[in-house]
Amino acid sequence: MEEIAPNMLKKLPVILLFIFVLFLVAFCTWELFQGNLEAAFSTLPFILIIYLFVIRGR
């Protein structure tokens, strides 16, 4: 039981980051279909920051 808690704590940030990225992509896609390009492309800086954060962690 004690080994499960530290393992879950390591996976929690990854799960939260994955959910956040999925939300950003879904929002961007929805806004593109609505024709609102300004709102759709406003998510790109967040995706770029996440990408650089993940690449730097390797």
Side-chain angles (χ1 to χ4, degrees):
M1 201 71 175
E2 294 176 7
E3 296 176 6
I4 295 173
N7 192 19
M8 187 61 183
L9 288 176
K10 291 179 184 178
K11 291 183 181 180
L12 186 62
V14 175
I15 293 169
L16 292 175
L17 186 64
F18 186 71
I19 291 170
F20 182 68
V21 169
L22 280 178
F23 172 74
L24 282 178
V25 171
F27 176 78
C28 179
T29 304
W30 177 257
E31 290 298 326
L32 278 174
F33 277 114
Q34 295 294 321
N36 192 356
L37 294 177
E38 184 178 353
F41 289 122
S42 68
T43 61
L44 289 178
F46 293 111
I47 295 174
L48 180 65
I49 290 169
I50 293 169
Y51 174 75
L52 292 175
F53 175 73
V54 170
I55 291 300
R56 190 170 188 183
R58 289 184 179 193

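Computation of the quantities below employed the complete heavy-atom set of this structure, encompassing side-chain atoms and omitting hydrogens, waters and symmetry-equivalent molecules. Here, residue 1 is the first one in the sequence, and each next residue gets the next number.
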Distance-only check: which donor-acceptor pairs under 3.5 Å involve side-chain atoms of residues 9-17, not counting sequence neighbours?
none

Taking the hydrophobic residues Ile, Leu, Val, Met, Phe, Trp and Tyr, and joining any pair whose side-chain heavy atoms are under 4.5 Å apart, which ones share a cluster with Phe18? Leu22

Between Phe20 and Val25, is there shared hydrophobic-cluster membership here, with clusters defined by ILVMFWY side-chain heavy atoms closer than 4.5 Å? yes

OG1 of Thr29 to CG of Leu24: how many Å apart, nearest 0.5 Å? 10.5 Å

Would you give me the side-chain donor-acceptor pairs under 3.5 Å for residues 31-53, sequence neighbours excluded?
residue: Glu31; atom: OE1; partner: Asn36; partner atom: ND2; Å: 3.3
residue: Ser42; atom: OG; partner: Ala39; partner atom: O; Å: 2.6
residue: Thr43; atom: OG1; partner: Ala40; partner atom: O; Å: 3.0

